[in-house]
Amino acid sequence: MIITDTHTHLYSEQFDEDRNEMMQRAIDVGVSRFFIPAIDSTYLDAMLDLEKSFPKNTFLMMGLHPTHVKENVEEELAFVKEWLDKRNFYAVGEIGIDLYWDKTFLKEQQYAFKQQIEWAKEKNLPIIIHCRDAFDEIFEVLQEVKDDNLFGIFHCFTGNLEQAKQAISYNMKLGIGGVVTFKNGKIDQFLNEIPIEHIVLETDAPYLAPTPFRGKRNESSYIIKVLDKLVDIYGLTPQEIAAITTQNSKDVFGI
Ligand SMILES: [Zn+2]
């Protein structure tokens, strides 16, 4: 069984004490492909170190996270562009709009989102979207930029059925993680109406640990809890869920 964690921050300082053991726990349960979203320039060294330690398993992205868009947005974007031109990355992400924490930089967030989508298109890369309290704002941008070159993943999808269909209409897969296991997570109520061809698995580790680890540090091995939930929802075997969602991830990332 090959399971793909399409969104995991394995370079986080929260894993500094036991990163090798944590990675081994994931590999032991079949999680062998890890896609690593960027946050901002300050994390790049840790990402490159991670890649050096696990070159066969980790696939890096480049991008500026919306909660890290502030006064220095131009410098951070220049950094993203410089690195996108310098070496290979597997996606532009995570990018998007987050109005949950702070609305101060909404204009800058919209600008950074659009700019990075342009670069993704130029390089024929998928985008990985972070959306929090911002479906309208995100869809407004996607509507503007949609074309055959636009594709990617709506990471940590937590919307309703209508929003799920809308995301898919822009060539996005839905990244499903720990929230699907939450009692009040809501997406488990309608996910069976979304064909599994549109679904990829993720943890967003160290955040959003699935039940029964909710509130604790998340890690990629816990993706099994997400997979088990999809077994219930879709009535498929774990092997089938793993195979289909891994294939979906290959369709997005090209590897
Ligand atoms: Zn993330």
Side-chain angles (χ1 to χ4, degrees), residues 6-14 35-48 50 59-87 89-123 125-146 149-159 163 166-167 170-175 177 179 202-208 252:
T6 60
H7 195 112
T8 181
H9 299 269
L10 298 174
Y11 54 88
S12 162
E13 57 277 7
Q14 293 197 41
F35 288 85
I36 313 294
I39 294 178
D40 70 14
S41 60
T42 64
Y43 289 90
L44 183 69
D45 286 346
M47 291 173 66
L48 295 173
L50 175 80
F59 306 94
L60 303 188
M61 311 178 196
M62 176 48 63
L64 177 60
H65 191 296
T67 61
H68 290 244
V69 169
K70 343 174 245 243
E71 296 86 352
N72 66 349
V73 61
E74 290 296 351
E75 289 128 79
E76 283 291 333
L77 284 177
F79 181 87
V80 168
K81 181 69 166 82
E82 179 195 334
W83 277 88
L84 282 174
D85 288 340
K86 189 145 64 177
R87 55 155 281 171
F89 291 93
Y90 292 91
V92 176
E94 54 188 292
I95 63 175
I97 301 174
D98 188 317
L99 300 178
Y100 177 79
W101 296 107
D102 191 1
K103 295 187 175 70
T104 315
F105 294 103
L106 171 60
K107 275 216 169 65
E108 289 82 357
Q109 287 193 39
Q110 288 166 316
Y111 162 70
F113 186 36
K114 268 189 231 176
Q115 177 61 260
Q116 294 180 94
I117 291 173
E118 282 312 309
W119 293 336
K121 284 183 177 181
E122 279 167 29
K123 303 202 175 284
L125 289 173
I127 60 169
I128 307 306
I129 300 176
H130 170 109
C131 170
R132 196 153 182 207
D133 285 0
F135 271 106
D136 291 346
E137 290 80 2
I138 293 269
F139 285 146
E140 192 185 309
V141 172
L142 295 182
Q143 186 61 32
E144 226 174 278
V145 300
K146 71 166 181 182
N149 288 329
L150 180 72
F151 68 108
I153 296 173
F154 222 99
H155 139 67
C156 187
F157 183 81
T158 50
Q163 288 161 333
Q166 201 173 346
Y170 298 118
N171 252 332
M172 298 295 144
K173 308 250 185 245
L174 308 181
V179 174
E202 63 168 64
T203 55
D204 203 16
Y207 314 107
L208 287 172
V252 173

Side chains of [X] and [Y], heavy atoms from C-beta outward: is any pair under 4.5 Å?
X: I129; Y: I138; answer: yes
X: E108; Y: E71; answer: no
X: V80; Y: W83; answer: no
X: L125; Y: W119; answer: no
X: F35; Y: E202; answer: no
X: L106; Y: L99; answer: yes
X: Y170; Y: F139; answer: yes
X: T6; Y: I128; answer: no

Decide yes or no on side chain to side chain contact (heavy atoms under 4.5 Å, CB included) for D204 and H155, but give the supporting numbers first.
CA-CA 9 Å; D204 203 16; H155 139 67; 3.5 Å; yes
Nearest 0.5 Å, what's the [atom1]-[atom2] distance between [X] and [Y]?
X: K114; Y: Q109; atom1: NZ; atom2: CD; value: 13.0 Å
X: F157; Y: L174; atom1: CZ; atom2: CG; value: 5.5 Å
X: Y100; Y: C131; atom1: OH; atom2: SG; value: 14.0 Å
X: I36; Y: Y90; atom1: CD1; atom2: OH; value: 12.0 Å
X: H68; Y: T42; atom1: NE2; atom2: OG1; value: 7.0 Å
X: M172; Y: I127; atom1: CE; atom2: CD1; value: 4.0 Å

For G63, is there any backbone N or O sitting under 3.5 Å from a side-chain donor or acceptor partner on Q116?
no
Taking only Lys NZ, Arg NE, NH1 and NH2, and the carboxylate oxygens of Asp or Glu, determine whether E82 and K86 approach each other closer than 4.0 Å.
yes
N-O pairing of K70 and E76 below 4.0 Å
no
Nearest non-hydrogen partners of [X] and [Y], listed with the distance:
X: V92; Y: A120; value: CG2-CB, 3.6 Å
X: K123; Y: L84; value: CE-O, 3.5 Å
X: G175; Y: I153; value: N-CG2, 3.8 Å
X: M62; Y: L44; value: CE-CD1, 3.6 Å
X: E137; Y: I97; value: CB-CD1, 3.7 Å
X: Y11; Y: L50; value: N-CD2, 4.2 Å

Near K107 NZ, under 6.0 Å, is it more than 12 heavy atoms from other residues, nucleotides or ligands?
no
What do you reckon, are the aromatic ring centroids of F135 and F154 less than 6.0 Å apart?
yes
Test K146 against I117 for side chain to side chain contact (heavy atoms under 4.5 Å, CB included), laying out the working first.
CA-CA 10 Å; K146 71 166 181 182; I117 291 173; over 6 Å; no
Yes or no on side chain to side chain contact (heavy atoms under 4.5 Å, CB included) for L64 and I95, after CA distance, side-chain angles and deciding distance?
CA-CA 6 Å; L64 177 60; I95 63 175; 5.7 Å; no
side-chain hydrogen bond (donor to acceptor under 3.5 Å, both in side chains) for Y43 and E13? Distances and angles first, verdict last.
CA-CA 10 Å; Y43 289 90; E13 57 277 7; 4.6 Å; no
Who are the side-chain contact (heavy atoms from CB on, under 4.5 Å) partners of P37, not counting sequence neighbours?
H7, H9, M61, E94
Residue pair V145, L150: steps toward the side chain to side chain contact (heavy atoms under 4.5 Å, CB included) verdict
CA-CA 8 Å; V145 300; L150 180 72; 4.2 Å; yes
